[in-house]
Amino acid sequence: MPMLSVSNLEHTYPNGHKALKGISFDVEQGEFLVVIGLSGSGKSTLLRCLNRLIEPTSGTIRFEGADVTHIQGADLRKHRAQIGMIFQHFNLIPRHSVEQNVLYGTLGTAVTLAPLFGRFSESAKQQANDALRIVGIAEKKSVRADSLSGGQQQRVAIARALMQNPKLLLADEPVASLDPATSHSVMQYLERINKEMNTTVICNLHFLSLVRRYATRVIALRGGEIVFNGSPADITDEWFRHIYGEDAIEVEIR
Ligand code: ADP
């Protein structure tokens, strides 16, 4: 049984725009799946349907065999608790410390209200410390989040997601605001988490050189439809033009 099974997924925005037009694919446990495609092709909409930040219009999403397409309430909270998400702009609370930001990753799974008032257990603090160590910035735990570089902030956001012990990590353009050198550093941490903790990753990326380096499989979207589903090694020049258009030129990021 695949970890995730998406079948005929459609999403139409309230203004009538069809962003996803019948998407079907499976994801196996342990994959590092990268979603590519031009800006506006539906990548972000797809990721947000998976953790139900966006409500699918039709189709089915199954996670570990269970139909999660329209679940609500406690079932939806349980589903979201298993899925970490990181964003292009990190979404940290700038004036709060690195450690606090990481601890906020427990809010989705907390059993008491104490964390809402900034009171976290010693075990949560220990877990935050461990998560920060995994992304190599444990020594920064007391500084304000906004005093860090972009790459460091994204690593804090990854640590925050790790607090959920996620089975699946969604990353929506995680390196789009970063410079090339920093991009690799962030991608390498995602790769380590994928390989060493066996966390399945689904990641939207722009640069094909990053895709070739980190993806175990690639899905390409064009106009809300899947036009490629396969190995990164199989994205030939011809496929590149099919995915990105005849006028597109590949830009290398090293
Ligand atoms: P990508 O992540 O590939 O850039 P998106 O999923 O953000 O693509 O968007 C897919 C399409 O849906 C785009 O054409 C975009 O303009 C449109 N879209 C995104 N959000 C909305 C919205 N809230 N209302 C209407 N259209 C939207």
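This one's a predicted model, so the numbers in the text were calculated from it and none came from an experiment.
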Enumerate, atom names and distances included, each donor-acceptor pair closer than 3.5 Å involving a side-chain atom of residues 49-59, sequence neighbours excluded.
residue: N51; atom: OD1; partner: L53; partner atom: N; Å: 3.4
residue: R52; atom: NE; partner: E55; partner atom: OE1; Å: 3.2
residue: R52; atom: NE; partner: T69; partner atom: O; Å: 3.3
residue: R52; atom: NH1; partner: V68; partner atom: O; Å: 2.9
residue: R52; atom: NH1; partner: T69; partner atom: O; Å: 3.2
residue: R52; atom: NH1; partner: I71; partner atom: O; Å: 2.9
residue: R52; atom: NH2; partner: E55; partner atom: OE1; Å: 2.8
residue: R52; atom: NH2; partner: I71; partner atom: O; Å: 2.9
residue: E55; atom: OE2; partner: H70; partner atom: ND1; Å: 3.0
residue: T57; atom: OG1; partner: T12; partner atom: N; Å: 2.8

Write out all pairs satisfying side-chain hydrogen bond (donor to acceptor under 3.5 Å, both in side chains) with one or both partners inside residues 222-240, taking only residues at least two apart or from two chains. R217-N229
For residues 146-181, which residue pairs pass the ring pair (Phe, Tyr, Trp, His ring centres under 6.0 Å) check, not counting sequence neighbours? none
With sequence neighbours excluded, tell me which residues meet ring pair (Phe, Tyr, Trp, His ring centres under 6.0 Å) with F25. none
Set of residues satisfying ring pair (Phe, Tyr, Trp, His ring centres under 6.0 Å) with respect to Y244, sequence neighbours excluded: F240
Just jot down the salt bridge (Lys or Arg N to Asp or Glu O under 4.0 Å) partners of D130, sequence neighbours excluded, or say none. R133
Which salt bridge (charged side-chain N to carboxylate O under 4.0 Å, His left out) pairs, counting each pair once, include a residue from residues 137-151, with sequence neighbours left out? R144-D146
May I ask you to check whether H242 and F228 place their ring centers less than 6.0 Å from one another? no
Residue pairs passing the ring pair (Phe, Tyr, Trp, His ring centres under 6.0 Å) test with at least one member in residues 145-175, sequence neighbours excluded, are none
Using salt bridge (Lys or Arg N to Asp or Glu O under 4.0 Å) as the criterion, list what pairs up with E10, not counting sequence neighbours. K18
Note: G151 and L178 closest approach over all heavy atoms is N-CD2, 3.5 Å
Can you tell me if H184 and Y189 form a side-chain donor-acceptor pair at under 3.5 Å? no
Apply side-chain contact (heavy atoms from CB on, under 4.5 Å) to residues K167 and M3 and explain how you reach the verdict. CA-CA 9 Å; K167 291 180 177 171; M3 169 181 251; 3.7 Å; yes
Quick one about D26 and S5 (side-chain donor to acceptor, distance below 3.5 Å, no hydrogens or angles considered), yes or no? yes
Tell me which pairs pass ring pair (Phe, Tyr, Trp, His ring centres under 6.0 Å) where either residue lies in residues 146-166, with sequence neighbours left out. none
With sequence neighbours left out, what residues match H11 under ring pair (Phe, Tyr, Trp, His ring centres under 6.0 Å)? Y13
Would you please name every residue forming a side-chain contact (heavy atoms from CB on, under 4.5 Å) with A128, sequence neighbours left out? V102, L103, M163
Could you tell me whether R48 and D172 have a side-chain N and a carboxylate O separated by less than 4.0 Å? yes
